[in-house]
Participant: 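Structure below; questions to follow.
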Number of protein chains: 2
Amino acid sequence: MSKKITDETYAGANLLCPIRYAIDIVGGKWKLPIICMLASGLPTRYSSIKRKLTGVTNMMLAQSLKELEAAGIVHREQYNEVPPRVEYTLTDKGKSILPPLLKLAEWGADYMHEDKTCAAFCDKCQSTK
Amino acid sequence: MSKKITDETYAGANLLCPIRYAIDIVGGKWKLPIICMLASGLPTRYSSIKRKLTGVTNMMLAQSLKELEAAGIVHREQYNEVPPRVEYTLTDKGKSILPPLLKLAEWGADYMHEDKTCAAFCDKCQSTK
DNA sequence: CAGGATCCTGTTGGATACTG
DNA sequence: CAGTATCCAACAGGATCCTG
């Protein structure tokens with residue numbers, strides 16, 4: 001089943017690699033902080049996310065959330081009230097990426113300068129240091 | 001030891017997070033394919049890497065290798081012969097990031113469309129599907 | 001052979017203003 | 001409150017040519 005690796009095999013690496021698939025999902029400036037925030041498991045309102053992500057603009061936040069939703073990572077629950085309320089949570093797929101990310105966090109913590117702990121991630125991430 | 005998470009804690013997320021530290025290292029278009037190639041453990045020549053990474057230019061390859069070297073991921077061994085010969089290998093740090101990446105690959109393989117196995121990664125990665 | 005220099009372009013991210 | 005629309009800057013990545 002392991003097909004032979006030829007010189008040409010590497011050509012489309014970026015399109016085919018599941019690692020890149022994963023990295024593209026959490027890539028970008030705000031996706032990772034958003035995922036980290038939602039990792040608590042609590043449904044979180046748009047405005048609450050915006051307040052905690054210092055420096056994010058409405059445009060970037062809305063876009064990041066939309067892309068994460070399209071990727072099946074976050075769930076968007078809209079309540080038709082006045083004023084409007086929208087809450088975001090991680091989907092099962094979103095939760096399932098946390099352990100792999102945690103592995104990466106452990107590796108990173110081993111090689112980053114000692115005092116640079118992850119301020120953004122969940123309790124688990126903090127406990128790795 | 002787990003310090004309290006305040007609203008301000010998320011501000012510098014991108015600078016402090018060990019996950020981003022890791023992702024920044026393997027980020028970019030060619031870093032991951034390069035690491036995958038060197039994961040075999042065999043010292044590999046510049047020209048050999050260039051041949052297998054279809055589409056890479058000298059500039060991008062040299063730059064990617066230099067950044068990976070600066071990050072302590074690859075080792076550059078230069079032989080002063082004519083014609084010149086340079087061989088690249090993974091450092092211990094470089095080898096140590098493979099397991100976390102493999103975790104990510106397993107996750108990605110679970111959610112990518114079935115036939116999109118990783119053509120670029122080592123045998124281990126291929127065996128995850 | 002293993003790169004470096006220069007110039008160019010597309011994409012990512014940001015500022016500001018506006019809306020159902 | 002939870003976003004859009006429009007415009008703009010910065011940077012990653014590429015094309016081409018050059019060199020010890």
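Only heavy atoms go into these numbers, but all of them, side chains included; no hydrogens, no water, no symmetry mates.
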Participant: Starting at CG of Leu32(A), measure out to CD1 of Ile23(B) and round the result to the nearest 0.5 Å.
Facilitator: 5.0 Å
Participant: Can you check the Met60(A) CE to dC8(D) C1' distance for me, whole Å?
Facilitator: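 After rounding, the reported distance stands at 14 Å.
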Participant: Below 4.5 Å, heavy atoms only, C-beta onward: do Leu68(A) and Val26(A) meet side chain to side chain?
Facilitator: no
Participant: Are the side chain of Lys93(A) and the backbone of Ala71(A) linked by a donor-acceptor contact shorter than 3.5 Å?
Facilitator: yes
Participant: Please report the interatomic distance CD(Gln78(B)) to CD(Glu87(B)), rounded to the nearest 0.5 Å.
Facilitator: 11.5 Å
Participant: Listed in order of residue number, which residues of residues 64-88 of chain B have a non-hydrogen atom at under 4.0 Å from DNA chain C?
Facilitator: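 By residue number: Lys66(B), Arg76(B), Pro83(B), Pro84(B), Arg85(B), Val86(B), Tyr88(B).
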Participant: Within a 6.0 Å radius of atom NZ on Lys31(A), are there more than 12 heavy atoms belonging to other residues, nucleotides or ligands?
Facilitator: yes
Participant: Just the rounded figure in Å: distance from C1' of dC1(D) to CZ of Arg51(A).
Facilitator: 11 Å
Participant: Is it true that a side-chain atom of Tyr46(B) and a backbone atom of Leu61(B) form a donor plus acceptor pair closer than 3.5 Å?
Facilitator: no
Participant: Check the distance between dG13(D)'s C1' and Leu32(B)'s CG and give it to me in whole angstrom.
Facilitator: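 Roughly 17 Å, once rounded to whole Å.
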Participant: What is the separation between atom CG on Asn58(A) and atom C1' on dT6(D), rounded to the nearest whole Å?
Facilitator: 15 Å
Participant: Please answer whether the main-chain N or O of Met60(B) pairs with a side-chain N or O of Ser64(B) as donor and acceptor at a distance below 3.5 Å.
Facilitator: yes
Participant: Which is the 5'-most and which the 3'-most nucleotide of DNA chain C that has an atom under 4.0 Å from a heavy atom of chain A?
Facilitator: dG13(C) to dG20(C)
Participant: Whole angstroms only, please: what is the CE-P distance between Met59(A) and dT6(D)?
Facilitator: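 Taking atom P of dT6(D) as the reference, CE of Met59(A) is at 11 Å.
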Participant: Side chain of Thr44(B), backbone of Leu42(B): donor and acceptor closer than 3.5 Å?
Facilitator: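 Checking the backbone N and O of Leu42(B) against the side chain of Thr44(B), a donor-acceptor pair under 3.5 Å is found.
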Participant: Atom NZ of Lys29(A) and atom C1' of dA10(D): how far apart are they, to the nearest Å?
Facilitator: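 Roughly 11 Å, once rounded to whole Å.
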